[in-house]
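Right, one structure below, let's go through it.
First the proteins, then the strands, lettered A, B, ... as listed; each starts at 1.
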2 protein chains.
Amino acid sequence: MSLPHAILTALLEKPSSGLELTRRFDKSIGYFWSATHQQIYRELGKLEAEGYIRALPSEQPTRGQKKSYEVLPAGRAELARWTATAQDPKPLRDALLLRLRASAVVGREGVEVELRRHLVLHQRQLAEYEEIEERDFGAGRDTPQDRLQYLVLRAGIDLETFWTRWLTHALEELERLPEGQSPERQPPEQRLSEGQSPEQRSPEA
Amino acid sequence: MSLPHAILTALLEKPSSGLELTRRFDKSIGYFWSATHQQIYRELGKLEAEGYIRALPSEQPTRGQKKSYEVLPAGRAELARWTATAQDPKPLRDALLLRLRASAVVGREGVEVELRRHLVLHQRQLAEYEEIEERDFGAGRDTPQDRLQYLVLRAGIDLETFWTRWLTHALEELERLPEGQSPERQPPEQRLSEGQSPEQRSPEA
DNA sequence: CGTCCCATGTAAGCTGTTACATGATTCG
DNA sequence: CGAATCATGTAACAGCTTACATGGGACG
């Protein structure tokens, strides 16, 4: 239940049409809440039906014609309510970590390549954030709004920094491990982790 | 498309029934790929139908009777294939960051409380991870499998460390800001961020 | 025998993803 | 006028969440 509120926020910052919103969800807000144009159009319809936003009454809204929306007082109130509502953080869900864990059981073939690829992607994202930091938060910008937005950007930067560091460390570790894709060759009664099983060491001590 | 592979990994580590899997998805694997028991039972059915796993032929599987599964060779192969497949990281999606950004527009009322609450939750999670670190990765455990699993745990620890630091920093920043829930009282032509708008400063320089 | 917990499951609804459709405008 | 692009949408589906249903065993 966050997409409508992401859209309300974006529209409060600047009234827009569906496509403009889609573009803005590819950067800016999209950095921490992404959405496709289909999601956006569907949600715009709902929000209008609920009386949270309305189409700007400029041009006739035929198909293929731009249609801009603005937030109504009810929409602003709903956003304020939601912003202050208690919500627990969603538990982590990361496929790369899952794959790393799986690789401990079915072999590490190919995982290293993926770690390297992800490292590059995160470095790229980090560079993009740092560009924004320099461009938009250099000197001067010091209103409470600027500070809050900078905090959000800061989270992005720190998060990407974490990933690049962790991935770098993980790659170093991987190189230090013995070659074999061992677990496949073990007898079928695998039991690993979860409890403790201090048997079956591999050739490296 | 990761839940089935999470289940395959869990079952390879140790054959289990649906409920046992559910319990294990509350810790261990669940730390980075959570799932409810409904998801798990449904997926077990699919995996069995596809020939990736099979029910252990011990007891008669009537309703309310435990039913354990083990992974078949096809399942192991599928997991190995998936583990080595290229997959881009999912873009960040965090409601708290979204709420912080929204609070720059509709007022910061209530956000601070939420930041504080999340800080506690992340500190708690961090403590839990560190407990596991001491308990399961003390001395000795040094097989490649141990190292890989420790890498994953390390990611969790570093991630929670990031959040606690960032939240602490954010709370300090918030306290330094002037009191007003300002943006509400501004004239309707708000334009913030997205481009640049070096006008409208607030009383603090 | 009633209540609680174990264990497996069904059903409905919402969110997000992917593919495609349609009208309008622009440009060669 | 044909093709590309802009702009808005429809349809179908996959995944996740929430609530509820069913049957059995354990315990007082």
CA sep, side-chain torsions, deciding dist, call: A:Ser2, B:Arg99, side-chain contact (heavy atoms from CB on, under 4.5 Å): CA-CA 9 Å; A:Ser2 300; B:Arg99 292 199 279 164; over 6 Å; no
Winner on side-chain proximity to A:Arg23, out of D:dC16, D:dA7, C:dT17, is D:dA7
Identify, residue by residue, the members of residues 45-53 of chain B with a heavy atom below 4.0 Å from DNA chain C, and return them in order of residue number, or none. none
Give a yes/no answer on whether the side chain of B:Gln38 brings an N or O atom under 4.0 Å of OP1 or OP2 in C:dT10. no
Between B:Arg101 and A:Thr9: side-chain donor-acceptor atoms closer than 3.5 Å: no
Rounded to whole Å, the CD1-P distance (B:Ile40 to C:dG9) equals 12 Å
Taking 4.0 Å as the cut-off, does a side-chain nitrogen or oxygen of A:Tyr41 come that near to OP1 or OP2 on D:dT8? yes
Below 3.5 Å, does any donor atom in the side chain of A:Arg42 face an acceptor in the base of C:dT17, or the other way round? yes
Give the rounded distance in Å between these two atoms: CD of B:Glu43 and P of D:dG15. 7 Å
CA sep, side-chain torsions, deciding dist, call: A:Leu98, B:Trp82, side-chain contact (heavy atoms from CB on, under 4.5 Å): CA-CA 11 Å; A:Leu98 181 56; B:Trp82 176 81; 3.8 Å; yes
Give one of base, sugar-phosphate or nothing for B:Ser17, where a contact means two heavy atoms less than 4.0 Å apart. sugar-phosphate
Grab the CZ-P distance between B:Arg93 and C:dT17 for me, whole Å please. 5 Å
Side chains of B:Asp146 and B:Thr143: do they bring a donor and an acceptor to under 3.5 Å? yes
Among C:dG16, D:dC16, D:dA7, find the nucleotide with the atom closest to the side chain of B:Leu3. D:dC16
Interatomic distance, A:Asp88 CG vs D:dT18 P [rounded to whole Å]: 11 Å
Nucleotide C:dT8, atom P - distance to NZ of B:Lys67 in whole Å: 8 Å
Nearest-Å distance for atom pair CG/P, residues B:Asp26 and C:dA7: 14 Å
Atom-pair distance (CG on A:Leu44; P on D:dT10), nearest Å: 12 Å
In whole Å, I'd like the distance from the CH2 atom of A:Trp33 to the C1' atom of C:dG16. 11 Å
Can you tell which of C:dT17, C:dA7, D:dT8 lies closest to the side chain of A:Leu19? D:dT8
If each of B:Lys90 and B:His37 is mapped to the nucleotide of DNA chain C with the nearest heavy atom, which maps nearer the 5' terminus, i.e. the 5' end? B:His37
Does the ring center of A:Phe162 lie less than 6.0 Å from the ring center of B:Phe162? no
Can a side-chain donor-acceptor contact be found between A:Tyr31 and A:Glu128 if the only test is distance below 3.5 angstrom? yes
Compute whether any side-chain donor of one residue and acceptor of the other, for B:Glu133 and B:Tyr150, lie under 3.5 angstrom apart. yes
Could you work out which one of C:dT15, D:dC6, D:dG15 sits closest to the side chain of B:Met1? D:dG15
